[in-house]
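As the structure is a computational prediction, the values presented were derived from the model and not from experiment. We number each residue from 1, following the sequence as shown.
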Amino acid sequence: MAAKRSGRSKRGINERLQPLQEPRSEPPLSRERIVATAVELLDAQGVDGLTMRRLADRLGSGVMSLYWHVDNKEDVFDLALDSVLEYRGPPQIAQDWRGEVVHVLEDWRASMLRHPWSATLLPRRALGPNILGRLELLSKTLSRAGVADADVNIAIWSLWNYVMGATITRASFDLSDDAAQQRLTRLSERYPTIERSRLLLDNDWDGAFRNGLGFLLDGLSPK
């Protein structure tokens with residue numbers, strides 16, 4: 001009887017020493033999942049809100065586990081930024097070079113407006129394959145349109161500056177309140193032109209972007 005009890009006890013100990021097979025509630029950790037979660041965190045809390053601890057908590061993992069897939073927080077920033085700037089191309093082939101440029105830049109601006117942190121992060125980060133792909137496509141398109149090689153870099157940086165400036169302004173400048181326009185009305189003698197045009201109430205951001213881009217492309221059009 002004693003031997004039997006000992007056997008049962010031994011089996012119980014062995015069973016307790018086996019690792020617990022807990023059901024997985026989260027998919028396996030991967031670089032893709034880390035990047036997607038980082039984008040969600042950046043959308044919710046901005047650049048200052050992303051820490052490796054918060055990212056690990058959202059993923060339900062330990063901080064050290066992240067480093068099997070990414071180098072550090074700077075690597076996460078680079079990967080998250082490039083992921084939101086992916087360009088899949090127009091729904092149909094553009095009929096002319098201007099149409100292709102407009103689509104690339106409007107898509108670029110829309111991508112950054114969906115993720116406002118990207119507009120402030122982009123100038124400070126290494127350029128990833130997606131943004132480099134956009135710049136390559138723009139360069140090829142302008143070259144095919146007849147823009148001289150010596151002018152392509154000027155054209156690219158002009159378009160870059162236009163998109164970045166328009167995006168940052170749209171993301172940070174609120175024209176929904178007419179208090180500023182009312183103040184201008186009281187000061188109309190000092191600022192007659194912008195008061196007359198109701199500049200501070202003009203919230204047609206998309207129209208202004210496209211029309212301004214048209215002015216810029218007119219200047220780039222080969223003579």
Side-chain angles (χ1 to χ4, degrees), residues 32 35 38-39 42-43 46-47 74-175 193-194 196-223:
E32 291 73 19
V35 171
V39 169
L42 286 163
D43 287 346
V47 173
E74 302 305 306
D75 190 28
V76 173
F77 278 139
D78 289 341
L79 293 168
L81 177 63
D82 202 57
S83 74
V84 302
L85 293 177
E86 182 180 3
Y87 181 60
R88 296 181 174 85
Q92 57 186 14
I93 298 176
Q95 297 300 311
D96 62 0
W97 71 270
R98 288 178 66 120
E100 187 167 3
V101 169
V102 167
H103 189 274
V104 171
L105 297 184
E106 287 189 330
D107 179 84
W108 182 359
R109 171 177 172 265
S111 296
M112 289 194 294
L113 287 177
R114 286 193 296 271
H115 309 280
W117 51 270
S118 65
T120 58
L121 200 59
L122 179 57
R124 297 183 278 147
R125 307 307 312 167
L127 300 183
N130 283 324
I131 188 61
L132 288 174
R134 285 181 188 265
L135 297 179
E136 174 68 12
L137 177 57
L138 288 171
S139 298
K140 283 183 178 178
T141 302
L142 293 171
S143 293
R144 287 199 306 267
V147 176
D149 288 347
D151 295 331
V152 167
N153 285 354
I154 298 172
I156 291 297
W157 287 120
S158 297
L159 295 172
W160 170 291
N161 291 335
Y162 181 71
V163 174
M164 294 298 296
T167 304
I168 291 171
T169 299
R170 175 67 185 93
S172 59
F173 199 64
D174 184 8
L175 293 182
T193 306
I194 60 175
R196 184 174 65 252
S197 67
R198 299 181 68 76
L199 173 69
L200 301 185
L201 290 181
D202 184 358
N203 59 2
D204 182 13
W205 295 103
D206 294 341
F209 178 82
R210 175 166 282 215
N211 290 333
L213 181 56
F215 295 152
L216 187 55
L217 294 180
D218 286 343
L220 292 176
S221 297
K223 301 300 187 285

For the pair Leu220 and Asp151, evaluate side-chain contact (heavy atoms from CB on, under 4.5 Å) and give the outcome as yes or no after the intermediate values. CA-CA 9 Å; Leu220 292 176; Asp151 295 331; over 6 Å; no
Is there a donor-acceptor pair closer than 3.5 Å between any side-chain N or O of Thr120 and the backbone N or O of Trp117? yes
Is any side-chain heavy atom of Leu127 less than 4.5 Å from a side-chain heavy atom of Asp82? no
Between CD on residue Glu100 and CG on residue Leu105, distance to nearest 0.5 Å: 10.5 Å
Work out which heavy atom in Val152 is nearest to a heavy atom in Ser143; give both atom names and the distance. CG2-OG, 3.8 Å
Minimum heavy-atom distance Ala119-Met164, with the two atoms named: O-CE, 3.1 Å
How close do Ser111 and Val84 get, heavy atom to heavy atom, and via which atoms? CB-O, 3.4 Å
Any Phe209 side-chain heavy atom under 4.5 Å of Thr167 side chain: no
Which is it for Tyr87 and Ile131 under the side-chain contact (heavy atoms from CB on, under 4.5 Å) test, yes or no, and what are the steps along the way? CA-CA 8 Å; Tyr87 181 60; Ile131 188 61; over 6 Å; no
Polar side-chain atom of Tyr162 near backbone of Leu213 as donor-acceptor pair, under 3.5 Å: yes
What orientation do Trp160 and Trp108 show, parallel under 30°, tilted 30 to 60°, or perpendicular over 60°? perpendicular
Name all residues meeting the side-chain hydrogen bond (donor to acceptor under 3.5 Å, both in side chains) criterion together with Glu106; count only those two or more places apart in sequence or in a different chain, and write none if there are none. Arg210
His103 backbone acceptor or donor facing Asp107 side chain under 3.5 Å: no
Quick one: closest heavy-atom pair of Ile168 and Ser172, and the distance? O-OG, 2.6 Å
Atom of Ala80, atom of Val35 and distance for their closest heavy-atom approach: CA-CG1, 3.9 Å
Using a 4.5 Å cut-off on heavy atoms from C-beta on, say whether the side chain of Ser83 contacts that of Asn130. no
Look only at the side chain of Arg134 and the backbone of Val104, and say whether a donor-acceptor pair between them is shorter than 3.5 Å. yes
Within the distance-only criterion (no hydrogens, no angle test), does the side chain of Asn161 pair as donor or acceptor with the backbone N or O of Trp157 below 3.5 angstrom? yes
To the closest 0.5 Å, what do you measure between CG (Leu137) and NZ (Lys140)? 8.0 Å
Flag yes if more than 12 heavy atoms outside Asp204 fall under 6.0 Å of its CG atom; otherwise flag no. yes
Quick one: do Val101 and Arg98 satisfy side-chain contact (heavy atoms from CB on, under 4.5 Å)? Show the steps, please. CA-CA 5 Å; Val101 169; Arg98 288 178 66 120; 5.8 Å; no
So, taking the atom named CZ in Arg124 and the one named CG in Asp78, what distance separates them when rounded to the nearest 0.5 Å? 11.5 Å
Taking all atoms of both residues into account, what is the closest heavy-atom pair of Val102 and Leu217, and its distance? CG2-CD1, 3.8 Å
Any salt bridge between Asp206 and Arg109, counting N to O under 4.0 Å? yes
Interatomic spacing from CG in Leu79 to CD in Glu74 - rounded to 0.5 Å: 11.5 Å
